[in-house]
Novice: 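There's a structure below that I have some questions on.
Below, chains carry the letters A, B, ... as their sequence lines are ordered, and counting in each starts from 1.
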Amino acid sequence: MHPYRTHTCGDLREADAGSVARLSGWVFHKRDHGGVLFIDLRDHYGVTQIVIHPEKSFFEECQRWRSESVVTVYGRVAARTADTVNADLPTGGVELVVDEVTIQSAADPLPLHLAGEDEGPEETRLRYRFLDLRRERMQRNILLRSRVIASMRRRLTEKGFPEFQTPILTSSSPEGARDYLVPSRVHPGKFYALPQAPQLFKQLLMVSGFDRYFQIAPCFRDEDARADRSPGEFYQLDIEMAFATQDEVFETVEDVLHGVFAEFSDWEIDAAPFVRIPYKEAMLKYGTDKPDLRIPIEIRDVSGVFAASDFNAFRSVVEKGGVVRAIPVKGIADRPRSFFDKMVAFAQGIGSKGLAYLVWQEGKVKGPIFKFLKPEDVDALASQCGVSDGDVLFFVSDKEKPASRIAGEVRHKLGHDLGLIPSGVYKFCWVVDFPMFEYDEELGRVGFSHNPFSMPQGGMQALQEQDPLDVLAYQYDIVCNGCELSSGAIRNHLPEVMYKAFEIAGYPPETVDERFGALIRAFRMGAPPHGGLAPGVDRIVMLLAHETSIREVIAFPMNQRAQDLMMDAPSSVSEKQLRELHIRMQLPHADKPA
RNA sequence: GGGGGCGUAGCUCAAUUGGUUAGAGUCCCGGACUGUCGAUCCGGUGGUUGCGGGUUCGAGCCCCGUCGCUCCCGCCA
């Protein structure tokens with residue numbers, strides 16, 4: 001007989017009654033009646049009740065077993081009597097009547113409760129992650145992650161995408177986030193950088209003639225955390241295709257993502273092809289480049305109505321080049337005044353000068369700005385925004401960029417507070433046609449809006465002839481329920497177009513050669529047109545697990561300050577290590593240890 | 001770097017809004033109990049109220065500072 005187990009703690013059924021079995025697992029719940037002791041023994045697969053009778057020599061030893069100790073028990077499987085069956089457990093029809101016990105590992109008292117609803121403080125959960133991960137929910141999440149990744153691999157492999165590894169120790173990339181640096185022992189004063197993404201390598205693989213590529217790729221960025229953004233490292237399903245159009249990239253990814261979401265969720269999922277929304281339209285209708293399409297509200301531009309109105313506050317904004325955006329909401333005219341006051345306060349809190357509104361109720365229109373409007377203005381607003389009795393229009397007026405943002409946040413807040421977000425639905429969309437360049441207010445000049453490797457729509461001609469701010473890129477995002485899953489692009493594989501694009505963004509050719517030497521050199525020696533994208537694996541698993549924090553789907557995440565509390569990283573290193581790396585410390589506060 | 005929230009027993013929380021010796025559940029320790037499944041019952045250990053300073057006759061509560069966690073802004077090609 002196996003020294004540890006003949007069955008897992010999820011295996012035994014009534015059909016096993018009468019046979020002998022050996023089980024190993026963690027002591028979960030203990031119910032000690034003095035005359036009989038019940039223990040729920042738990043492993044990865046389930047829970048089985050074991051029974052220890054008082055005449056056994058080891059009875060008192062078992063009474064002393066603390067929760068989470070690991071034990072091995074041997075005995076006879078017995079069917080439970082009808083009145084003692086536990087219908088909540090798959091193994092609830094049987095119990096193991098124990099004849100031999102071995103304690104494999106006695107547990108100290110724990111800093112966390114593993115049973116019940118309470119999670120405990122996140123700091124403790126992270127410090128004792130190995131305990132936290134014993135919870136059923138965490139086991140489920142981490143297992144889901146494993147299955148999702150396996151499914152992604154299978155789906156891409158079936159489509160003829162080979163998986164490649166790319167270097168972890170590479171060179172610092174000049175654009176983007178801060179790099180994690182690794183000092184070189186052999187080359188004093190020089191550093192490797194951990195890749196922020198395998199971007200350049202996957203493009204070089206296309207130039208190498210591999211045609212297609214994917215990788216479950218670790219990415220490292222030294223940026224601050226968010227609930228949906230783990231500090232330090234995260235994983236992307238990195239994909240690249242040669243000789244592919246944007247539509248072919250979309251088709252491939254829709255197939256994979258739809259397949260993965262359908263495989264691991266019962267929620268309703270948009271059928272492919274997913275809706276495609278030009279960036280400009282997304283900013284107008286949803287006020288964001290990652291719209292949550294579950295919210296049934298579409299923002300409208302009503303600048304024209306107010307330009308011709310007698311409402312000076314809005315008219316003057318429009319005359320100065322600003323806009324007025326209307327947010328129509330159905331059937332909330334009967335909300336109390338406090339609701340509207342709360343929305344106004346919210347808008348002001350996010351940088352709006354105010355939040356005007358009109359209420360269509362019982363055949364009349366009212367609201368703080370009603371008295372400034374002519375009847376034909378009100379009619380125009382109603383028809384342009386599709387509102388009728390019972391509906392409300394909120395208004396935001398500002399320069400275009402802040403007005404879009406504020407209207408978008410108000411839309412989201414309304415959707416959330418009014419319970420307009422349906423559950424059980426995944427709404428996907430592509431946001432396409434991102435601008436190639438944008439005006440950088442801080443620097444006072446034109447810069448890349450997204451990523452300098454994208455092919456401008458219209459190619460060289462567009463760069464030469466159009467206003468840079470009008471040039472669009474073959475640059476796209478895929479968004480699910482307001483969560484950005486991925487950015488991608490059809491890449492710019494033409495050196496001359498790349499030099500021109502960088503010139504517009506203010507960089508001379510030498511800079512391009514210096515920073516992207518490997519890529520430009522490769523592009524001079526026969527490069528296929530290519531493109532791809534890289535959906536975030538952690539975020540996809542987070543959505544599928546219905547978690548709101550990305551840390552819940554990562555086995556060993558760092559905390560918000562990029563520390564691993566369990567392993568105590570980052571940590572100090574020895575003087576010898578520093579000497580070998582030619583590094584001398586210069587700490588911000590000499591009296592404060594790091 | 002900035003803003004909001006939180007910080008009381010190992011864990012989850014309370015403390016009549018400034019008033020006697022900071023309580024309860026849980027965990028842990030001891031005891032009772034032969035059918036439980038969040039077992040139950042009795043008893044016990046456990047606190048520099050994150051830390052430092054201030055106001056006050058008196059501070060868990062008010063003020064200032066600081067540290068930690070978390071959410072957000074900046075940042076994330």
Novice: Classify every nucleotide of nucleotides 68-76 of chain B by which part a protein heavy atom approaches to under 4.0 Å, writing B for the base, S for the sugar-phosphate alone and - for neither, in 5'-to-3' order.
Specialist: SSBBSBBBB

Novice: Under the rule for salt bridge (charged side-chain N to carboxylate O under 4.0 Å, His left out), what residues qualify as partners of D292(A), not counting sequence neighbours?
Specialist: R294(A)

Novice: Quick one: list whatever passes side chain to side chain donor-acceptor pair (under 3.5 Å) with Q236(A), sequence neighbours left out.
Specialist: none

Novice: Say you pick atom C1' in rC69(B) and the same atom in rC27(B); how far apart are they, in whole Å?
Specialist: 23 Å

Novice: Taking only residues at least two apart or on different chains, which pairs with a member in residues 50-60 of chain A satisfy side chain to side chain donor-acceptor pair (under 3.5 Å)?
Specialist: K56(A)-D99(A)

Novice: Give a yes or no on whether a salt bridge exists between E136(A) and R140(A), defined as a side-chain N under 4.0 angstrom from a carboxylate O.
Specialist: yes

Novice: Any chance you could encode RNA chain B as dot-bracket? Rule is Watson-Crick or G-U wobble with both distances under 3.5 Å; [ ] for pairs crossing earlier ones, | for another strand.
Specialist: (((((((..((((.....[...)))).(((((.......))))).....(((((..]....))))))))))))....

Novice: Among all residues two or more places apart in sequence or in another chain, which pass the salt bridge (charged side-chain N to carboxylate O under 4.0 Å, His left out) test with R13(A)?
Specialist: none

Novice: Only counting residues at least two apart or in another chain, list the ones meeting side chain to side chain donor-acceptor pair (under 3.5 Å) with K342(A).
Specialist: none

Novice: Assess the residue pair Y507(A) and Y499(A) against the criterion (ring-ring contact (aromatic ring centres under 6.0 Å, His included)); give the C-alpha distance rounded to whole Å, side-chain angles, the decisive distance to 0.1 Å, and a yes or no.
Specialist: CA-CA 8 Å; Y507(A) 300 99; Y499(A) 285 126; over 10 Å; no

Novice: If you take any heavy atom closer than 4.0 Å to RNA chain B, which residues from residues 475-488 of chain A end up in contact?
Specialist: none

Novice: Go through the structure and list residues passing salt bridge (charged side-chain N to carboxylate O under 4.0 Å, His left out) with R221(A), not counting sequence neighbours.
Specialist: none

Novice: For E122(A), which residues count as a salt bridge (charged side-chain N to carboxylate O under 4.0 Å, His left out) partner, sequence neighbours excluded?
Specialist: R551(A)

Novice: Could you run down the sub-3.5 Å N/O contacts of the protein with nucleotides 8-11 of chain B?
Specialist:
from	atom 1	to	atom 2	distance (Å)
rG10(B)	N2	H113(A)	NE2	2.8

Novice: One character per nucleotide, please: for nucleotides 29-40 of chain B, 5' to 3', B when the base has a protein heavy atom closer than 4.0 Å, S when only the sugar-phosphate does, - otherwise.
Specialist: S---BBBBB-B-

